[in-house]
Amino acid sequence: ALWISTVHYSDLREAILTGAGAQAASDGLLNFTPQPRLVSADMLLLASGGITEPSGVVETLPWYLLDPGDYPEPVSGPYKIMFLDSAGQELAGYTRSFTTTGTEDPAEPGLFTFKIPYPPNTARVQIRRVAGNALLKEIFPSATPPGLTLDPPASTTWQGEHSLTWQTSGAGPRYYSVDVSTDDGATWEALAVHLTETSYVLDTAAFPNTSTAWVRIMATDGLRTATV
């Protein structure tokens, strides 16, 4: 599963607030309340964005589909995310209630970031208010994920700064994340999220010497995700 540090959560917050034209709030804006961890055999959706009230305008950051694994239940609240099939029927058992975190300034959006199971037959995703069931946002996943290939490195031994480059295919905008593991893939740390360039400079000086390091690139079109 993808691990997002507090720094990257702050980056998500900054991106939403900047996009909404608001000033960044304090580091206490995001809700880190521990939640029970569950395990999903389905892929996990990493969803993040902001909701401005009372208009109900939803701004989403790029979403990512991750490998099956464990996840904390979102903090229950006034919104819900629903998954529908091609006939427009709710896929039972996947709807989740969630809340947002924000400031006292009503002009700033409340933010959300969570992981939840993603049903394989999803044809659309909706965000609604729980009260009144009002539809706030609807997302239609693309038929296929982006094509993605990592350019082979010149050497398998890296020292200092190392440039990673990759190629992608398909129509529409693409966003990328770069993760690193120093324990042979047992755990992963996000180095960058929502990149729009097909390159990233990794500084190996920030990591311990190891022969079991891996780098992972993820490409998303806003929801459907490819990984190399």
Side-chain angles (χ1 to χ4, degrees), residues 1-38 40 44-66 70-84 90-91 93-119 122 124-141 173 175 177 190 192-196 218 220-223 225:
L2 178 67
W3 177 80
I4 302 290
S5 69
T6 302
V7 171
H8 288 97
Y9 271 122
S10 296
D11 289 344
L12 297 180
R13 180 199 67 201
E14 292 284 350
I16 282 290
L17 291 177
T18 300
Q23 296 296 316
S26 68
D27 287 339
L29 177 63
L30 290 168
N31 184 354
F32 294 101
T33 304
Q35 295 294 302
R37 301 192 72 85
L38 305 175
S40 172
L44 294 171
L45 174 65
L46 176 61
S48 55
I51 304 176
T52 303
E53 292 292 8
S55 64
V57 171
V58 178
E59 301 278 350
T60 58
L61 290 171
W63 292 2
Y64 295 84
L65 285 179
L66 314 177
D70 67 316
Y71 66 99
E73 276 283 276
V75 178
S76 183
Y79 307 103
K80 62 181 177 181
I81 184 168
M82 300 173 58
F83 301 89
L84 285 70
E90 178 184 353
L91 293 166
Y94 288 92
T95 296
R96 294 292 192 278
S97 168
F98 68 94
T99 190
T100 60
T101 57
T103 68
E104 296 179 356
D105 186 348
E108 293 185 347
L111 306 184
F112 63 88
T113 299
F114 51 77
K115 288 193 296 184
I116 52 173
Y118 182 84
T122 298
R124 69 180 84 170
V125 183
Q126 295 181 340
I127 294 177
R128 292 178 176 268
R129 286 196 185 96
V130 172
N133 205 37
L135 176 63
L136 304 181
K137 182 81 172 181
E138 189 165 45
I139 298 170
F140 294 87
Y175 307 92
S177 72
V193 292
H194 308 334
L195 298 176
T196 56
M218 306 181 75
T220 179
D221 59 9
L223 198 158
T225 307

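Every heavy atom of this structure was used, including side-chain atoms; hydrogens, water molecules and symmetry mates were not. Positions are given from 1 along the sequence.
When the side-chain hydrogen bond (donor to acceptor under 3.5 Å, both in side chains) test is applied to Y94, the partners found at least two apart in sequence or on another chain are D42. In terms of the salt bridge (Lys or Arg N to Asp or Glu O under 4.0 Å) criterion, E90 has no residue partners (sequence neighbours excluded). Looking at residues two or more places apart in sequence or on another chain, you find a side-chain contact (heavy atoms from CB on, under 4.5 Å) between I139 and T60, W63, V125, K137, L223. Among residues two or more places apart in sequence or in another chain, the side-chain hydrogen bond (donor to acceptor under 3.5 Å, both in side chains) test is passed with R128 by Q126. Under the side-chain contact (heavy atoms from CB on, under 4.5 Å) criterion, T196 pairs with Y175, not counting sequence neighbours. Shown here are the ring-ring contact (aromatic ring centres under 6.0 Å, His included) partners of F98, two or more places apart in sequence or in another chain: Y79, F112, F114.
Considering every non-hydrogen atom in both S48 and H194, the closest pair reads OG-NE2, 4.5 Å. Annotation for R129 and P54: closest pair NH2-O, 3.1 Å, computed over non-hydrogen atoms. Here the closest heavy-atom approach between residue L65 and residue M218 is recorded as O-CE, 3.6 Å. Minimum interatomic distance between P78 and T99 (heavy atoms only, all atoms of both residues): CD-OG1, 3.8 Å. Here the closest non-hydrogen pair linking P74 and I116 is CG-CG2, 3.6 Å.
Taken to the nearest 0.5 Å, the CG atom of L84 stands 6.5 Å off from the CG atom of L91. Taking OG1 of T52 as the start and CG of L136 as the end, the distance is 11.0 Å to the nearest 0.5 Å.
Proximity of a side-chain donor or acceptor of T220 to a complementary backbone N or O of G222 within less than 3.5 Å is detected.
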key: L45/I81 under side chain to side chain contact (heavy atoms under 4.5 Å, CB included): CA gap, chis, key distance, verdict   = CA-CA 11 Å; L45 174 65; I81 184 168; 4.3 Å; yes

